[in-house]
Amino acid sequence: MIDVSQWRASIGLWNYCSTTVSRLAKAYQSSSCQYPNHVDESDTVVVIKTSSVLLTTLFHITVLFFFMISFCILYLPKDTECHCSLHHCQSTCTCFTSMNSNWHGLIVFFSLHLLLSGDVELNPGPMIDDQPDIFLLRKWLEPLVDWQPFGLLLPGITQQDIAMIAKSALGIETEHQSQKLILYCKWINKHPEAKWRDVLHALTVREETELAQTIKDKLHEGQCIGGGSVNVATCNSVGVYNKEPVSDLVKGNPNDIFRSHSDKLTDAVTTNLYRLADALHAKGLIPLDTKRDMYSVSGDNELKKAGKLLITLQTLMKSSQHPEQYLIDVCHVLVNQQNQALTDIATSMMKQLGHECFEADKVNSLPHVVQQYADTMKKQYKQQPVVSNDWPPRIGQGLFFGRLSVVDKQDLFVAQTLHQKSSWFMLKGQIDKVVEMCGSKEFNVEDILQSNANSSPLVVAIDGAAGIGKTTLCRKLLNMWANGTLLHQHYDLVLYCPLRNGKIVTAKTLSDLFVCQRYEVPMVAEWFEKRNGEGLLIIFDGWDELCEQYRHSSLAASIIRREQFDQCSVIVTSRSYASSSLLELSSLNKHFEVTGFTEKEISIVIIKTLQNDSKLAQELIDYHMHMNCYYNHSDHCVTSDDIGLQEMLSNKDTQLALKLIQDLKMRSDVRSLCYVPLVLSMVILVYSKEGGHLPATLTELYDNFILQTIRRHVKRQEVDPRTLGSLSSLPSKLAKSLQELCQIAYINLVEAKMAFSSHQLQKYEGAVKEDFFGLMTTFIEYDEEKYQFLHLSIQEFLAALWIARYEKKTEEVFKDHFDDDQFQLCLRFVAGLTHLEHESYRQYFNKQIDVQCSRAPLFGYKATQRSWFHRSSEIKNNSGFISSDSNRNFPSFLLQLIYESHNANLCQLLAESVIGTTLCLRKVRLSLFDWLCFSYFINNSKLTWNHLCLEELFDQTLSVLTAGLTNKSLKTQCKRLDVKLWHPTTESIHNFLQSSLFYNVQECYCELENGQFVPCLALLQFFSTPLLKVLHLTLHRRSLTSTSYQDEHIELEKTIAKNSTLQEVKISCSGRDNQITVTIDSVIKGISRNRSIESFVINISSYPPLPPPLSNQSIEQLLKDNNTIQALSINIQDKLFPSSSLHISKVNTPLTALEIGKSTNILMASLIPHIKGLHCLILPEPYPLHLLFLSHPSLRTLALPLDTAESAIELFTILQTNTTLEALKLWVRYENICNSSMGTSLQDLLAENQTLKSLEIEGYFHNSFLSFLSTGIKQNSSLQQFTLKHIRLPLNEEVLQFFSVVAGKNNLTELEIYFKLDNEYTYCNYEEKECFMTQLFYEQGLPAVTNLLQSSSAIKRMRIVCDSYSSSEPKSKDFVIMFYESIFTHPSLEYIDICTIYNASFLLQRILKEQIKALVKMHQQKQPHKQVPIVNVECIITDVV
């Protein structure tokens, strides 16, 4: 008898049809039928052994089937539900056994199913769109462990189903396997449309990659074994290609043919990678995942991606049932790329296959006139150089514009909102604004036009400083299109439209944008118009050169906004200062920034430019790389005795290059300008011409460059250039010509004209005769010769020269253009030329400026807690910063004017105008040059600053700032300093703190992030500050140090012990640092002997490998020897203590406030019994309540967890009669704690206690528990601040009732609400949770809060937190708008926080920005005497719990 398991592949249900009988008959008649000796259990094809076996088997099956039916009738319980249905050509036998059924019935069912699950003769096996077989589900998913989240992803399965299955087990095997079996049965029963595709999707979402691939392979095997045709789309979804062959005649092995051409293919595919991937996917030859891999920004270069694509093609060809046809189709796609190399390779492969090659498809060929015009433009673009001018001299040998950085609009907003650890800053400002690139997303030129996921036409913004290479980048893109290397998109035509061109600006039709006018232009334009611009790329260069009118009402603006020709792609460039209006456009897909040269690239460009010998230049670059001279601040030194090295360094060009690199290290002010290629070119030119002299300001640089240009010009006229000492001492003839050139620059700058016709310049005879000193270049516009300056910044300098030297009313002209953004750089040059010495310039610097820190207020319990540990009144609200006008109010332009003029008197005048002598740089984006200007201003301000908040300083920023603080007098001081130093070194910290500005600082709040500093040496620097009263220091290191620094640790301990000014110390350490516990030991020992510190907070968290533990008795000694500390907070991991318990015998510190961190259980057990009389106590673990209140009867602030209902009831009962406690925070650890008895007790507490002012409840409780809170709060009259974590979405009646009660309480003025998804969504994946949370927050959460605000009249401060959120937009914005309206019309609300995770804050902020004018107007109408409420929308990147 044939083994039963061999019959599992359905004996008549999958392919049981009328042909079955004839097949059986043929098999019976066939005497030559062969069969294998072994059939594996997992196979899906069973071969009929012999006709006699068939007859015998059919007889046995009939008997067995009858027996099993009888068995089912006799033994299955009555409550068993069995649903069996036989369908023609497929098996859908489903049987769901109830949870309490007898397991014998299940055995019968599976025995039946085993028999009825195979095909006798021909079985194609399970396919991806077939209903899964329970036997195969059970077998193939056996490795699956987390079945519950997997089950939730199956269509039709709900959370209730999972919960029910989890409580049951059939008993025939392990509980785990049994529950999975029930899940499969339940799914098939509830969802008859179930498919293997659903299983693969669920596994993929759950990241069960290996298991999903295994099942894919088995489905693959099933499809390739069976006969008949297979749907190509279905096969592609699992990476299989299967098609009927064109011919059965094979004249070559396709795999061998493909392999033999792979080397040539790799190179050819690299140049056409993205279009080829698109075409292969469109033809069903590669799966979508492969296409995604090609477009991914993974760091792989094009060559590596091409190799991956060929590997995929070869793999799919091998797995195809018809590899020859697969290779033929691939060849067809290669030919259609119209690339000669790909066509040649495809032709060769087709010949080896024995087929004639075919021509490329002609379906999408262009009309002749369009192709003709495109060819003309390609010819022009090829002929024009990428860098348009040869003066100033070209530099860098191919480094045209440095780096490209992509800026995602949502990411940018999050970075602004969070002031998070972004390692790069936006380049916003004038010519020399630069961006710090510490790990930012850099992109290649080829990636600018990489399509979006939806392949929609692109609108790309590219901004950057003047001279940084935006126009050069445009010309590079034109060159790439002309040469066929613009990879990501195929454009039929690319138009370059410079917006300085008057006809482009005033264009009315598409044909007006065609700079190259030919007879076919109208026909070409009409063809693109009919296609709404499809296939057209327009590059608009110079958005900043458009006046405000044309930014709103020109054809160019309409195309950029997609109001016309919405199918064309657009690139638009702009200077950074003018790009804000561009970046606000909703049509924008991408925002790139040309960010200039890195510090390393600056050195490379200098070497390649000054060292004419390319071999020597490369050797010098390699030498610098080896010596790591680009990244340190030490002097260049040579220790090698190598003769070749000595010869290289003795070369004059090499010495000049090295000297310039070294001088730039010492002159960070000039170096901060050299990130701009144009400026670097001028610096190299001026430096080499002036024998090694660096200009101090931008004005000096341009002045010298113009002089060098004139010298170059007169040299051709046989005039000795050395006689020209300066621009102010030129011979009269040259001086007059220069005056005319300056007049041209000024007049046209006023009229916003950057291009001039020859007839406009004819009246300036002297300038024309001197050929404009070579400072102008010509171009052809609509067959007319036009002139423009080499660069806009040169025109701006010459215009400034006219204002400063030739204009009679210089000060009036300065005033007229002071508020004109387009004149900012020009006015900076005016400041440099005049030094702003005239009395009238003082009016710009003596106006009051408000750039104070706007801090988010602390809520409820947090405010009370902080007041115990931070005694300084100024820092009680040292919490997060809120959105303010600091960025808008910060006087960047005034600082630039001061620096350019080098007028120190104006520094003092401006400093006296700053309100509160407080400068806050939070959320103020500054370039390196801005930091240089800032340091010059501070250095010469000559007053004592109450507060300097410097935000985040990276290594280069810190270097520039420190170098600028050179004033050694004590006239400039700072009382309070807030700063975060990124990547600091011991030396940079020392140099920073040694500045006289911080010599007498009294409060210091500093973070040292990811630095290579020695902790004890860094701490020694801070503790040595003579007048320091408050020190909050955070150290984060990830480095291991072998040096012990024993003497330095002893010195640190002594310094702290002797300090007589310190009152408050907070030290936080995290990271991987084997020295940290030794350093903290020294700190603790020093504080033990100190006699002035009243508050001490210490937090230590370390990553493995853990450092050595603290020394014995350090904590004990602190508590015994110190007699001044009143507030103590310790959060140290238990593993960092020397033993499992501390031996505390006596506590002499006069503690009134104690906080023990969550990871410090050892300290809690040892310390609490020895302390009495605390007013503030914060515990991480439960503590006997009767002992707690017995030892501390006057507690005013208490925080502790609740782990049982009994302990909660005991606490609430005690507090009913307590008259001292004012602030209470509770952590509810388990949901089952919140029973009715506990709720009633809490209700009674709120009703009876009339001294509690602040209550915070956090943890696990159901919304139904809120009914007790509602009843209690209704009867309470003392509670002023209430925080509730978490209210679960979706909301129920108890929540709405709670909001109603809160709205009616006049004593409740501060409210915090945290929203969280209910537990029923626990097993949803991350994306699903985001989706649910978005919908519920908008449709339930926000409306509930809106109703609360509309009903309340007493709330002054409010905070809403949502701990899981999506960036997707709601179906309607009405809920958000109504929410904002309720805020601005509220009678008492002063401040509200809306905190969401990730990108949701961007959406809420955008809607607020859109509505803000209307909202403020509404507020002024309804609340004319009330201050406008502060709305702070922020993004949180850590768990809010």
Side-chain angles (χ1 to χ4, degrees), residues 387-395 431 466-467 609 670 673 677-749 754 756 758 760-778 787-807 825-826 828-830 832-834 900:
V387 181
S388 57
N389 305 312
D390 59 0
W391 187 259
R394 299 178 187 180
I395 58 174
I431 179 172
T609 305
V670 179
L673 313 178
L678 179 69
V679 176
L680 180 57
S681 175
M682 292 182 181
V683 168
I684 296 173
L685 171 68
V686 170
Y687 190 83
S688 59
K689 294 293 184 181
E690 293 297 312
H693 172 70
L694 280 175
T697 65
L698 198 64
T699 304
E700 290 183 20
L701 175 64
Y702 274 75
D703 187 289
N704 205 316
F705 170 71
I706 299 297
L707 180 62
Q708 296 295 341
T709 306
I710 294 176
R711 286 176 176 175
R712 177 175 179 261
H713 171 73
V714 300
K715 189 175 182 180
R716 300 171 183 172
Q717 302 175 358
E718 298 182 355
V719 176
D720 187 359
R722 290 174 293 180
T723 61
L724 307 181
S726 66
L727 293 182
S728 58
S729 61
L730 294 176
S732 57
K733 182 181 178 182
L734 295 178
K736 182 181 179 182
S737 300
L738 178 62
Q739 180 179 350
E740 290 180 354
L741 189 61
C742 293
Q743 187 177 10
I744 295 171
Y746 172 70
I747 291 174
N748 286 281
L749 188 64
M754 286 74 190
F756 338 106
S758 56
Q760 290 176 300
L761 303 177
Q762 287 176 357
K763 62 180 179 180
Y764 302 102
E765 296 178 0
V768 172
K769 187 175 181 181
E770 296 294 342
D771 195 22
F772 309 106
F773 297 113
L775 290 169
M776 278 194 179
T777 183
T778 61
Y787 289 81
Q788 65 183 20
F789 286 95
L790 295 177
H791 195 270
L792 178 58
S793 60
I794 294 175
Q795 181 180 351
E796 289 166 317
F797 175 80
L798 293 172
L801 199 60
W802 170 267
I803 297 172
R805 295 187 181 171
Y806 307 114
E807 176 62 58
L825 181 57
C826 179
R828 277 179 55 189
F829 287 133
V830 173
L833 293 167
T834 64
E900 206 67 41

Which pair of heavy atoms, one from [X] and one from [Y], lies closest together, and at what distance?
X	Y	value
Leu724	Arg711	O-NH2, 2.7 Å
Leu825	Glu796	CD2-OE1, 3.0 Å
Met754	Gln788	O-CB, 3.2 Å
Leu707	Gly725	CD2-O, 3.5 Å

Measuring from atom [atom1] of [X] to atom [atom2] of [Y], what distance do you get when rounded to the nearest 0.5 angstrom?
X	Y	atom1	atom2	value
Arg828	Cys826	CZ	SG	11.5 Å
Ile803	Thr834	CD1	OG1	10.0 Å
Phe829	Leu801	CZ	CG	10.5 Å
Ile744	Leu749	CD1	CG	13.0 Å
Met682	Leu698	CE	CG	8.5 Å
Leu741	Leu734	CG	CG	12.0 Å

Residue pair Asn704 / Glu700, side-chain donor-acceptor N/O under 3.5 Å: no

Mutual orientation of the aromatic rings belonging to Tyr702 and Phe705 [parallel < 30°, tilted 30-60°, perpendicular > 60°]: perpendicular

Partner set under side chain to side chain contact (heavy atoms under 4.5 Å, CB included) for Glu765, not counting sequence neighbours: none

Residues that Asp703 engages under side chain to side chain contact (heavy atoms under 4.5 Å, CB included), provided they are two or more places apart: Leu727, Phe797, Arg805, Leu833

Check: Thr699 main-chain N/O paired with Glu900 side-chain donor or acceptor under 3.5 Å: yes

Phe773: partners by ring-ring contact (aromatic ring centres under 6.0 Å, His included), with sequence neighbours left out: His713

Pairs where residues 715-741 contributes a residue and the test ring pair (Phe, Tyr, Trp, His ring centres under 6.0 Å) is met, not counting sequence neighbours: none

Leu775 and Leu798: CA distance, side-chain angles, deciding distance, side chain to side chain contact (heavy atoms under 4.5 Å, CB included) verdict: CA-CA 10 Å; Leu775 290 169; Leu798 293 172; 4.3 Å; yes

Set of side chain to side chain donor-acceptor pair (under 3.5 Å) partners for Ser726, sequence neighbours left out: Ser728, Ser729

side-chain hydrogen bond (donor to acceptor under 3.5 Å, both in side chains) contacts in which one or both residues fall within residues 735-746, not counting sequence neighbours: none

